[in-house]
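Data first, discussion second: the structure below is written as structure tokens.
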Amino acid sequence: MKRSIEQAQERLANDLLKRRDVVAVGVGADNGEPCLKVYVSGRGNRRSIPRRFDGHPVRVVGGGPFRAQDDGPAAGHP
């Protein structure tokens with residue numbers, strides 16, 4: 001049974017966020033299709049991250065360090 005992508009994200013995050021090199025797990029798109037995105041710091045150990053999880057494609061995004069971005073006031077709020 002295929003889980004919703006949000007359920008899959010939660011399960012994958014619970015597993016991968018225990019690792020030092022994984023900084024976030026989110027839902028995104030790849031070529032217009034929904035996917036799970038795993039954000040790793042530096043080069044990370046990409047080989048141990050699955051290519052699919054609960055029936056959804058997984059994409060690894062490297063980089064870092066990551067930091068929050070302030071987009072300014074939220075829409076409708078001064």
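All values below were derived from every heavy atom in this structure, side-chain atoms included, with hydrogens, water molecules and symmetry-related copies excluded.
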Which atom names give the shortest non-hydrogen contact between [X] and [Y], and what distance separates them?
X: R3; Y: R11; answer: NE-NH1, 3.0 Å
X: R59; Y: D30; answer: NE-OD2, 2.5 Å
X: V22; Y: L16; answer: CB-O, 3.5 Å

Inset, instruction - Please step through side chain to side chain contact (heavy atoms under 4.5 Å, CB included) for the pair I49 and R19, ending with a clear verdict. - result: CA-CA 11 Å; I49 296 173; R19 296 172 38 167; 3.9 Å; yes
Inset, instruction - Would you confirm whether H56, through its side chain, and E6, through its main-chain N or O, come within 3.5 Å as a donor-acceptor pair? - result: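 Pair absent, no side-chain N/O of H56 close to backbone of E6.
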Legend entry - Side-chain donor or acceptor of Q9 paired with backbone N/O of L36 under 3.5 Å: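 Here the side-chain-to-backbone pair does not exist.
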Legend entry - Interatomic distance, L12 atom CG to Q7 atom CD [nearest 0.5 angstrom]: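 So the gap between those two atoms works out to 13.5 Å.
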Legend entry - Separation of I5 CD1 from E33 CD (nearest 0.5 Å):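 Separation between the atoms: 10.0 Å.
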Inset, instruction - Please indicate whether R20 has more than 12 foreign heavy atoms, meaning atoms of other residues, nucleotides or ligands, lying under 6.0 Å from its CZ. - result: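 Incorrect, the count does not exceed 12.
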